[in-house]
Amino acid sequence: MGGILILLAVLLIAGLPAALLFDVRRSAGRLAGEAFLLGCGVVSFVLLGLSVSGTPWTKLSVGISLCAVVGVLAFLAAFRGRGLQFDPPTGASSLAGRMASAVLDIATAALVVSHALIATLASIPAIDFWAIWGLKGRVFFEHRGIDWRFLEDAGNAFAHTGYPPLVSLNYAFASILRGGWEDRWIGLLSTAFAAAAILIVRDLIGRETGSRWMAALGANILAPLALSRWVGTAEPAMIAYSAAGLLLIRRGLREDSFREIGLGAIFLGLAIQTKNEGITLLIAAALGIAMNERRGWRKVVRLWPAAVIAAPWLILKERHDLATYLTSGPLLERALGGLGRIGTVGEQLMLNAPSQQLFWAAALITVLIVGSAPRREKFLILTLGTQLFFFVVAYVITPLDVAWHVANSWTRILEQLALPLGFLALLLILEQLRRPDSSTKIAEA
């Protein structure tokens with residue numbers, strides 16, 4: 001366990017200079033969350049760069065390379081005059097408010113600790129860990145670099161060799177620090193991704209409401225949406241990166257802040273490095289920005305950091321012919337043939353109801369009743385709706401059995417949308433409750 005705690009500290013330190021490059025208003029908690037998420041990205045690019053250069057992974061080579069990259073980022077942050085300056089989202093509050101906030105934060109921390117205990121009870125049992133994310137992490141660790149021959153071997157297609165490597169590379173990094181393969185305490189990494197997302201969401205709620213205890217309440221309510229049950233897979237990281245990216249872009253659009261949008265774009269780029277759904281999420285976000293306001297397409301260009309971050313792996317993936325099952329083969333023919341089974345897809349989606357059904361019903365009803373009024377929420381609504389459409393399209397063009405594909409992925413990928421949707425629904429409810437005429441409007445609705 002001590003080795004994994006060191007890993008989490010290293011990831012936090014590695015991402016801190018990158019986070020400080022962006023001069024945005026944030027609390028210490030949000031800075032820690034962003035630093036951790038960025039640190040995982042920095043580590044993955046260091047290991048990827050060493051593999052491309054043909055340098056074997058050792059504690060020395062990885063340590064020197066990581067220190068060099070972090071040193072450059074720290075120099076750039078210092079050159080830009082970015083210090084450790086925290087900007088809490090709320091001003092002075094009453095003693096009762098501070099006490100309520102403390103109690104709620106303790107309750108949220110208890111949820112995180114409980115998730116960590118469950119995640120590390122034993123070696124990670126998830127089949128996707130042993131067959132995909134963990135398997136590739138161990139292969140890379142023992143090969144002392146990305147084993148391209150393993151990824152190119154058609155016999156290893158079960159491991160989805162074309163999937164992005166960020167999570168597997170961080171598993172390998174943990175084993176490099178430990179000096180041996182790690183398959184139990186590495187579950188804490190899944191909890192850490194969730195904790196980072198919770199810290200970011202807490203800060204953003206506080207800035208929206210101007211209330212410390214509301215920020216703590218919102219974080220406590222939304223925490224279960226970040227604490228994914230898919231420990232050991234890429235899902236916890238994808239939930240964190242997609243939520244951070246979309247919510248920061250949303251705030252950047254409202255504040256017309258290039259830095260907020262740029263930081264959000266970086267997280268969307270890291271989402272592409274985490275799961276293939278990150279590509280469609282970037283497209284959905286671009287469409288959401290373009291349709292958010294008049295001439296909104298002019299702001300789409302601000303997403304360029306996501307494309308830059310995604311490019312190296314996409315180029316390497318093409319170079320080594322690591323196609324995924326959705327993009328391989330006669331895609332157009334499958335799409336045309338899939339039009340005839342739209343009814344089957346719809347039937348299977350209905351048969352495989354998402355988990356946390358009460359949440360989905362409450363969130364969707366809230367957005368439908370209240371969310372149509374505030375124009376400023378158009379970006380999130382359009383982006384989430386477009387990404388949901390892409391999910392359904394994937395089932396239409398899949399070369400796999402539709403029933404099997406939906407049953408084994410639908411409820412899981414929907415969780416990628418839950419946190420930003422929950423954030424939106426919660427803010428809409430709080431906004432209505434804070435209005436003097438809220439009771440009348442809710443009754444009319």
S.K.: Please report the shortest heavy-atom distance between A237 and V167, naming the atom on each side.
M.R.: CB-CG2, 3.9 Å
S.K.: Quick one: which of Y163, F140, Y171 gives a ring-ring contact (aromatic ring centres under 6.0 Å, His included) with W133?
M.R.: Y163
S.K.: When you measure from the side chain of W185 to the backbone N and O of T120, does any donor-acceptor pair fall under 3.5 Å?
M.R.: no
S.K.: When you measure from the side chain of S51 to the backbone of L48, do you find a donor-acceptor pair of N or O atoms at a distance under 3.5 Å?
M.R.: no
S.K.: Give, for atom CZ of F150 and atom OG1 of T161, the distance between the pair rounded to the nearest 0.5 Å.
M.R.: 7.5 Å
S.K.: Please report the interatomic distance CD(E415) to CG(L421), rounded to the nearest 0.5 Å.
M.R.: 13.0 Å
S.K.: I need the Q387 CD to L282 CG distance, nearest 0.5 Å.
M.R.: 10.0 Å
S.K.: For D203 and S27, indicate whether the former's side chain and the latter's backbone hold a donor-acceptor pair under 3.5 Å.
M.R.: yes
S.K.: Is the backbone N or O of P224 less than 3.5 Å from a side-chain atom of H115, with the two atoms forming a donor-acceptor pair by type?
M.R.: no
S.K.: Under the criterion salt bridge (charged side-chain N to carboxylate O under 4.0 Å, His left out), which of R30, R26, R207, R302 is the partner of E260?
M.R.: R30
S.K.: Does a donor on one side chain and an acceptor on the other come within less than 3.5 Å for T386 and T383?
M.R.: no
S.K.: List the atom of D183, the atom of S123, and the distance in Å for their closest heavy-atom pair.
M.R.: OD1-OG, 3.1 Å
S.K.: Can you find a heavy atom in the side chain of L217 that is under 4.5 Å from one in the side chain of L426?
M.R.: no
S.K.: Just by modelled atom types, is the R184 backbone N or O under 3.5 Å from a matching donor or acceptor in the E182 side chain?
M.R.: yes
S.K.: For the residue pair F45 and P312, what are the closest heavy atoms and their distance?
M.R.: CE2-CG, 3.9 Å
S.K.: Parallel, tilted or perpendicular: which describes the rings of H405 and Y395, with under 30° parallel and over 60° perpendicular?
M.R.: perpendicular
S.K.: Using a 4.5 Å cut-off on heavy atoms from C-beta on, say whether the side chain of F173 contacts that of V46.
M.R.: no
S.K.: Measure across G179 and F141 and return the closest heavy-atom pair with its distance rounded to 0.1 Å.
M.R.: C-CZ, 4.3 Å
S.K.: To the nearest 0.5 Å, tell me how far L270 CG sits from L38 CG.
M.R.: 6.5 Å
S.K.: With a 4.0 Å cut-off on N to O distance, would you call D105 and R202 a salt bridge?
M.R.: yes
S.K.: Do F379 and I289 have side-chain heavy atoms sitting under 4.5 Å apart?
M.R.: yes
S.K.: Can you tell me if N276 uses its side chain to pair, donor with acceptor, with the backbone of I272 under 3.5 Å?
M.R.: no
S.K.: Quick check: does any side chain N or O of S168 sit under 3.5 Å from a backbone N or O of P165, one acting as donor and the other as acceptor?
M.R.: no
S.K.: Taking W57 for the side chain and H143 for the main chain, is one N or O donor matched with an acceptor at less than 3.5 Å?
M.R.: no
S.K.: Salt bridge between R149 and D153, side-chain N to carboxylate O under 4.0 Å?
M.R.: no
S.K.: With rounding to the nearest 0.5 Å, note down the distance linking CD1 in I413 to CD in E235.
M.R.: 8.0 Å
S.K.: Using the side chain to side chain contact (heavy atoms under 4.5 Å, CB included) definition, which of the options V112, N220, L111 pairs with I198?
M.R.: V112
S.K.: Could you tell me whether the side chain of K136 and the main chain of H160 form a donor-acceptor pair under 3.5 Å?
M.R.: yes
S.K.: Determine the minimum heavy-atom distance between V231 and G187, stating which atoms define it.
M.R.: CG1-CA, 4.0 Å
S.K.: Identify whether the distance between the nearest side-chain nitrogen and carboxylate oxygen of R250 and E255 falls below 4.0 Å.
M.R.: no
S.K.: If you round to the nearest 0.5 Å, how far is CD1 of I4 from OG1 of T191?
M.R.: 11.5 Å
S.K.: With a 3.5 Å distance limit and no angle check, can you tell me whether R178 reaches the backbone of W181 through a side-chain donor-acceptor pair?
M.R.: yes
S.K.: Quick one: closest heavy-atom pair of A226 and A197, and the distance?
M.R.: CB-CB, 4.3 Å
